[in-house]
Amino acid sequence: MINRVQKAVMTAVYNQAADKNGTCLIRPIDLLKSIPYGVKFDRDDLPAYLRSLEIDDYFEVIETDKKGDKYYCFTLHQNGYAFIRQVKSEKRAVVFKIALTVAGACLSFAIGAILKHIFS
C-alpha cells in the first residue's frame with residue numbers, strides 16, 4: 001500500500017510512461033508540475049519518493065544528463081502497469097463501504113420506526 005504522495009508521483013509517472021510503451025524521459029520540473037497542489041510535497045523529497053517506488057518494483061529509474069538538463073528515465077515494471085487497476089480497486093472498495101454504511105443507517109431507521117409504531 002502506498003501513501004498519498006507516492007500515489008501522486010506514481011500517477012504522474014504512469015501518465016507519461018503508459019503512452020510510450022512503458023518507457024519515458026521526464027525532467028524533474030515536469031514531474032513536479034504534474035503533481036496536484038493539494039498534495040503536501042517538498043521538491044527536495046522527490047528522489048526519496050522515486051527510490052521508494054523503485055524499491056517497491058513499480059518502475060526502474062535512471063538519472064541522465066541531456067544537454068546539461070537532468071532527466072529521469074522511467075521503465076515501468078509489472079506493479080507499475082497494475083497501478084491504475086489498484087487505484088480503481090481502492091475507489092471501488094471505498095464506494096462499497098459508503099453504500100453499506102448508508103444502507104445500514106436506512107435499515108436501522110426503518111426498523112426503529114416500525115418498532116416505535118408497534119409499541120406506541
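Predicted model, so just to flag it, every value in this text is computed and none were measured. Start at 1 with the first residue, then count along the sequence. Scope of the values below: all heavy atoms of this structure, side chains included, with no hydrogens, waters or symmetry mates.
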Are [X] and [Y] in one and the same hydrophobic cluster, where Ile, Leu, Val, Met, Phe, Trp and Tyr link if side-chain heavy atoms are under 4.5 Å apart?
X: Phe59; Y: Leu32; answer: yes
X: Ile84; Y: Tyr81; answer: yes
X: Val87; Y: Met10; answer: yes

Q | Transitive ILVMFWY cluster of Leu107, excluding itself - 4.5 Å side-chain cut-off | A |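 For the cluster that includes Leu107, the remaining residues are Ile111, Ile114, Leu115, Ile118, Phe119.
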
Q: Kindly write out the residues that satisfy ring pair (Phe, Tyr, Trp, His ring centres under 6.0 Å) with Tyr71, not counting sequence neighbours, or none if the list is empty.
A: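 Tyr71 satisfies ring pair (Phe, Tyr, Trp, His ring centres under 6.0 Å) with no residue once adjacent residues are dropped.
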
**Q.** Test ring pair (Phe, Tyr, Trp, His ring centres under 6.0 Å) applied to Tyr58 - qualifying residues, sequence neighbours left out
**A.**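 So Tyr58 forms no ring pair (Phe, Tyr, Trp, His ring centres under 6.0 Å) with any residue.
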
Q | Atom of Tyr14, atom of Gly80 and distance for their closest heavy-atom approach | A |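 Looking at all heavy atoms of both residues, the closest pair is CD1-O, 3.4 Å.
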
Roughly how far, to the nearest 0.5 Å, is the [atom2] atom of [Y] from the [atom1] atom of [X]?
X: Thr11; Y: Ile2; atom1: OG1; atom2: CD1; answer: 7.0 Å
X: Lys7; Y: Glu90; atom1: NZ; atom2: CD; answer: 3.5 Å
X: Asn21; Y: Leu76; atom1: CG; atom2: CG; answer: 10.5 Å

Q: Check salt bridge (charged side-chain N to carboxylate O under 4.0 Å, His left out) between Asp30 and all other residues, then give those that pass, not counting sequence neighbours.
A: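 Arg27.
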
Q: Using the test salt bridge (charged side-chain N to carboxylate O under 4.0 Å, His left out), find all partners of Lys70 that sit at least two apart in sequence or belong to another chain.
A: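 Partners of Lys70 under the salt bridge (charged side-chain N to carboxylate O under 4.0 Å, His left out) test: Glu63.
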
Q | Over 12 foreign heavy atoms within 6.0 Å of CG, Asn3 | A |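 Atom CG in Asn3 is crowded, with more than 12 foreign heavy atoms closer than 6.0 Å.
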
In a table with atom names and distances, give each donor-acceptor pair under 3.5 Å that connects a side chain of residues 38-57 to protein atoms at least two apart or in another chain.
unit_1	atom_1	unit_2	atom_2	d
Arg51	NH1	Glu54	OE1	3.3
Ser52	OG	Gln6	NE2	2.8
Ser52	OG	Tyr49	O	2.9
Glu54	OE2	Val61	N	3.4
Asp57	OD1	His77	ND1	2.6

Q | Main-chain N/O of Arg85 paired to Ser89 side chain as donor or acceptor, under 3.5 Å | A |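 No, because the side chain of Ser89 does not come within donor-acceptor range (under 3.5 Å) of the backbone of Arg85.
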
Q) Out of Val94, Thr101, Leu100, which one pairs with Ile98 under the side-chain contact (heavy atoms from CB on, under 4.5 Å) rule? A)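 The residue from Val94, Thr101, Leu100 that satisfies side-chain contact (heavy atoms from CB on, under 4.5 Å) with Ile98 turns out to be Val94.
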
